[in-house]
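Note: hydrogens, waters and symmetry copies are ignored here, and every other heavy atom, side chains too, is used. Only a predicted model underlies this, so the values are computations on that prediction, with no experimental measurement involved.
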Amino acid sequence: MSSNSTTSNETTKHQAEPPAQLSTNLPSTATYITGHNNEGKAIVHSVRPAAWKAFEGGAMGFNQIYTNAFWADLNDDADVKYHDEVISGGRLGLATKGGTVCRMVDFAPQYECMMHRTKSLDFGIVVEGEVDMLLDDGTTSRLKRGDVAVQRATMHAWRNPSTTNWARMVFILQDTKPLVINGEKLGEDYGKGTEGVLPSGNDDE
């Protein structure tokens, strides 16, 4: 980052108005990206309002917070450029090959997503409402606000048990080595699938 600016008003970069969030009872959100000025002092590089994409007829919304390769290159804003190129290219799956994804997901009342697996180590944090975690062995666990799920490439689904309120989670997904159980490689599996959700592209080892 070469700018000498130190105020968020000067460093905020807004392009087109982002798509509005789907949920009616949840707060709006923004992403604050930091950087450095020419003297090496920390600055706010940019403030980005959430940009939501609707799935399942508007019952689920994605806000792609940040994605990057691993190890991330922070020099000359290479990581920011990488993220912007991936998002503008529309080629991001749930996870990403050789990198990480940070995503916010909103679930409508009573909505249950597809049973699925990604080849990734995922940290799912409930930030609003309650969410049921369903596993393919029949187990259901209710996660409350502040609870964290550590998904280790398992087949799972998420369900919002509320009949009135939306729920929100933040997910961080990290690519992993192939997982083998009893000699069988367990790769990405979107189950019945969700229209518009692309393959992650990290399952070709």
Side-chain angles (χ1 to χ4, degrees), residues 1 5 7-35 42-69 72 74 77-96 99-114 116 118 120 122-131 133 143-149 151 158-160 162 164-174 194-198 200:
M1 181 70 185
S5 171
T7 66
S8 60
N9 285 338
E10 292 171 335
T11 56
T12 300
K13 298 175 182 177
H14 296 306
Q15 298 177 357
E17 186 71 19
Q21 71 181 39
L22 306 171
S23 55
T24 56
N25 65 291
L26 300 182
S28 59
T29 180
T31 297
Y32 288 73
I33 300 175
T34 63
I43 60 170
V44 176
H45 171 282
S46 53
V47 181
R48 301 182 174 195
W52 293 93
K53 182 176 181 180
F55 296 92
E56 301 282 74
M60 179 174 67
F62 282 9
N63 170 30
Q64 308 288 6
I65 297 174
Y66 213 61
T67 185
N68 238 267
L74 309 184
D77 292 342
D79 61 313
V80 179
K81 295 170 186 174
Y82 179 97
H83 167 79
D84 290 343
E85 289 172 2
V86 169
I87 298 304
S88 64
R91 62 182 186 273
L92 182 64
L94 292 182
T96 190
T100 59
V101 177
C102 183
R103 173 184 296 113
M104 182 176 290
V105 181
D106 282 1
F107 302 101
Q110 296 287 285
Y111 174 72
E112 179 178 324
C113 76
M114 62 187 179
H116 64 285
T118 51
S120 58
D122 309 342
F123 309 101
I125 307 157
V126 179
V127 294
E128 299 286 350
E130 297 182 347
V131 178
M133 178 178 68
L143 281 62
K144 301 181 186 301
R145 187 168 61 179
D147 286 341
V148 181
Q151 283 287 351
W158 306 105
R159 179 175 63 210
N160 178 2
S162 175
T164 56
N165 292 326
W166 285 70
R168 173 174 289 170
M169 295 185 70
V170 172
F171 295 93
I172 301 95
L173 296 84
Q174 177 179 292
T194 293
E195 185 177 355
V197 177
L198 302 177
S200 299

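The side-chain heavy atoms of Thr164 and Pro109, taken from C-beta on, include no pair separated by under 4.5 Å. Using a 4.5 Å cut-off on side-chain heavy atoms (C-beta onward), Thr34 and His45 make no contact. Counting heavy atoms from C-beta on, the side chains of Leu173 and Arg103 come closer than 4.5 Å. Taking the side chain as every heavy atom from C-beta outward, Val170 and Phe123 never approach each other to under 4.5 Å. Contact of the Met114 side chain with the Glu56 side chain is not registered, since no non-hydrogen atoms from C-beta on lie closer than 4.5 Å. Counting heavy atoms from C-beta on, the side chains of Val126 and Lys144 never come closer than 4.5 Å.
When every heavy atom of Arg168 is checked against every heavy atom of Ser23, the shortest pair comes out as NH2-OG, 3.9 Å. Of all non-hydrogen atoms in Leu22 and Gly58, the two that sit nearest each other are CD1-O, 3.6 Å. The nearest pair of heavy atoms linking Ser28 to Gln21 is CA-OE1, 3.6 Å. Shown here for Asn160 and Glu130, the closest heavy-atom pair between the two residues is OD1-O, 3.6 Å. Considering every non-hydrogen atom in both Tyr111 and Ala59, the closest pair reads CD1-CB, 3.6 Å. The two residues Gln64 and His83 have their closest heavy-atom pair at O-CE1, 4.0 Å.
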(message) Is there a side chain to side chain contact (heavy atoms under 4.5 Å, CB included) between Phe171 and Leu94? Walk through the geometry before answering.
(response) CA-CA 10 Å; Phe171 295 93; Leu94 292 182; over 6 Å; no
(message) Go through it in stages, so that I can follow the logic: the residues are Trp158 and Glu112, the test is side chain to side chain contact (heavy atoms under 4.5 Å, CB included), and I'd like the CA-CA distance, side-chain angles, deciding distance and then a yes or no.
(response) CA-CA 6 Å; Trp158 306 105; Glu112 179 178 324; over 6 Å; no
(message) For a side chain to side chain contact (heavy atoms under 4.5 Å, CB included) check, start with the C-alpha distance between Ile33 and Arg48, then their side-chain angles and the critical distance, and finish with the verdict.
(response) CA-CA 8 Å; Ile33 300 175; Arg48 301 182 174 195; 3.8 Å; yes
(request) Determine, stepwise, if the pair Asp106 / Glu128 fulfils side chain to side chain contact (heavy atoms under 4.5 Å, CB included). (result) CA-CA 9 Å; Asp106 282 1; Glu128 299 286 350; over 6 Å; no
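Residue Leu92 is tested with Val197, Thr67, Leu198 for a side-chain contact (heavy atoms from CB on, under 4.5 Å); the sole match is Thr67. Only one option out of Val127, Thr29, Thr31 pairs with Met104 in a side-chain contact (heavy atoms from CB on, under 4.5 Å); it is Thr29.
A distance of 11.0 Å separates CD1 in Ile125 from CG in Leu143, rounded to the nearest 0.5 Å. Asp84 contributes atom CG, which lies 7.5 Å from atom OH of Tyr66 (distance to the nearest 0.5 angstrom). Atoms OG1 and NE2, on Thr194 and His116 in that order, are 8.5 Å from each other to the nearest 0.5 Å.
By the 30° and 60° cut-offs, the orientation of the rings of Phe62 relative to Phe55 is tilted.
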